[in-house]
Number of protein chains: 2
Amino acid sequence: MTAPTPSDTAAAFERHDHSHCAGAVMQAAEGRARAEGLRLTPVRRRVLEILLEEHRALGAYDILDRLKAEGFGHQPPVAYRALDFLVEHGLAHRIRRLNAFAACMHPDTDHAPAFFICAQCSAVAESAATPLRDAAQAAGLAIGFTIERVTIEAIGTCPACHPGTAPSPQVPS
Amino acid sequence: MTAPTPSDTAAAFERHDHSHCAGAVMQAAEGRARAEGLRLTPVRRRVLEILLEEHRALGAYDILDRLKAEGFGHQPPVAYRALDFLVEHGLAHRIRRLNAFAACMHPDTDHAPAFFICAQCSAVAESAATPLRDAAQAAGLAIGFTIERVTIEAIGTCPACHPGTAPSPQVPS
DNA sequence: TTGCGAAGTGTTATAATAGTACATTTCGCA
DNA sequence: TGCGAAATGTACTATTATAACACTTCGCAA
Ligand SMILES: [Zn+2]
Ligand SMILES: [Zn+2]
Ligand SMILES: [Zn+2]
Ligand SMILES: [Zn+2]
């Protein structure tokens, strides 16, 4: 419910009661929506739920497939609009490296996170990136560049996929 | 010719004798190719030249347009293959935020840079990102994540486009 | 020097991702 | 109740990227 801690973030890579954590995030999102007067309509809510259920990054067309299976509209804008809404209000994040989207796991904190993407199992963890952003800010300052937003996305191997354990491959480098 | 310095990087945003700097980079690239036995074939060389001439990020299809105008193949793979080669060998970089490519301005140093992209004029500067990468590494370590590559791309306003001067807008946020 | 295998090039075709435009419905609110 | 704004659904299009295959060129070794 508060700012993401390292152990928090690491949890993303571990087996956990996901329906529980997804439920908690959903509640936080609903809280935000109520507090800020956001309209968490059926499509939007369902898209967020789908992202939470998967707990990984999904492409817009993956989302769209599910939406149409559930009787929502079946054209790309249906998915893109819901995703745009969620991203715009910080309930989801866009992961450019993967051309995909993931639910925000800390929707109640105002943040600009870094992402850790496991190349083996495709899990994505979201982590506070304040030191990173400060370093970027400093580097920008040195060349007179004013930073508005920084994208920080790391590809690598998550703890669950390190030599020793051996999950299933899914994502290209 | 050596590691990029802040003033080096800042130069990207300033008016400069670009044919000179492009020539120097081209020579460095040729040196690398010779030293490492890379085959800098006509298409590949021309793509690199085009990127250097523009000194900004270009989409694969922008490149392709020029290639066909110059009598090279006119199908996407022609551009993508040349770009893949250049990226793979560190002579160009892919900028995911823009779905575009830019010539590497320091092909003689082994590096994994950060990018500063001006939202007004679309200029792109490439900067050493060691502190950033160290911070990322540390953040990864804290959650047991082994980083392979990190993408760092900042969007903002370059010195030339700051209130005071007023260049032309080109790139969306 | 010849000729073989690997690398590079060109082409067709198609996949995957993203956005425009516009009609219709729903919602918040006066 | 009804108006204007927001949201939804659809058709259509644009943009970015890859697969598959034929042909050529290159490096190199017999
Ligand atoms: Zn979970
Ligand atoms: Zn988040
Ligand atoms: Zn230059
Ligand atoms: Zn570079």
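Because only heavy atoms are used, hydrogens play no part in the values below, and waters and symmetry mates are left out as well, while side chains stay in. What you see is a predicted model; the values in this text were computed from it and never measured. Just so it is clear: chains get the letters A, B, ... in the order the sequence lines come, proteins before strands, and each one is counted from 1.
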Between [X] ([atom1]) and [N] ([atom2]), how many Å, whole number?
{"X": "B/F72", "N": "C/dG10", "atom1": "CZ", "atom2": "C1'", "value": "13 Å"}
{"X": "B/Q75", "N": "C/dT9", "atom1": "CD", "atom2": "C1'", "value": "12 Å"}
{"X": "B/I63", "N": "D/dT15", "atom1": "CD1", "atom2": "C1'", "value": "16 Å"}
{"X": "B/L83", "N": "D/dT16", "atom1": "CG", "atom2": "C1'", "value": "12 Å"}
{"X": "A/F101", "N": "C/dA18", "atom1": "CZ", "atom2": "C1'", "value": "9 Å"}
{"X": "B/Y80", "N": "D/dA20", "atom1": "OH", "atom2": "P", "value": "18 Å"}
{"X": "A/E88", "N": "D/dA7", "atom1": "CD", "atom2": "C1'", "value": "14 Å"}
{"X": "B/F85", "N": "C/dA7", "atom1": "CZ", "atom2": "P", "value": "13 Å"}

Is [X] close enough to [N] that one of its side-chain N or O atoms is under 4.0 Å from OP1 or OP2 there?
{"X": "A/H74", "N": "D/dT10", "answer": "yes"}
{"X": "A/R44", "N": "D/dA6", "answer": "no"}
{"X": "B/R96", "N": "C/dT17", "answer": "no"}

Given C/dT17, D/dA17, D/dT10, which nucleotide is nearest the side-chain atoms of B/A60?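 Closest nucleotide among those given: D/dA17.
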
Closest of C/dT17, C/dG10, C/dA21 to the A/P77 side chain is C/dA21

Under 6.0 Å between ring centres: does that hold for A/F101 and A/H93? no

Is the base of D/dA17 touched by the side chain of B/Y61 through a donor-acceptor pair closer than 3.5 angstrom? yes

Heavy-atom nearest nucleotide on DNA chain C for B/P42 versus B/P76: which residue maps closer to 5'? B/P42

Starting from the 5' end of DNA chain C, give me the residue, B/T41 or B/N99, whose nearest nucleotide shows up first. B/T41

Regarding A/R66 and A/E49, does a basic nitrogen lie under 4.0 Å from an acidic carboxylate oxygen? no

Regarding A/R46 and A/E53, does a basic nitrogen lie under 4.0 Å from an acidic carboxylate oxygen?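 So A/R46 pairs with A/E53 through a salt bridge.
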
Does either side chain, that of B/H89 or that of B/E36, offer a donor lying less than 3.5 Å from an acceptor on the other one? no

Classify the side-chain pair A/T151/B/R97 by whether it contains a donor and acceptor separated by less than 3.5 Å. yes

Counting C-beta onward and ignoring hydrogens, is there a side-chain heavy-atom pair between B/I155 and A/I147 closer than 4.5 Å? no

Its contact letters, B for base, S for sugar-phosphate only and - for none at protein heavy atoms under 4.0 Å, make nucleotides 22-30 of chain C read -----S---

For A/R39, enumerate each residue passing the side-chain contact (heavy atoms from CB on, under 4.5 Å) test, keeping only those at least two apart in sequence or located in another chain.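 Listed in chain order: A/T41, A/R44.
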
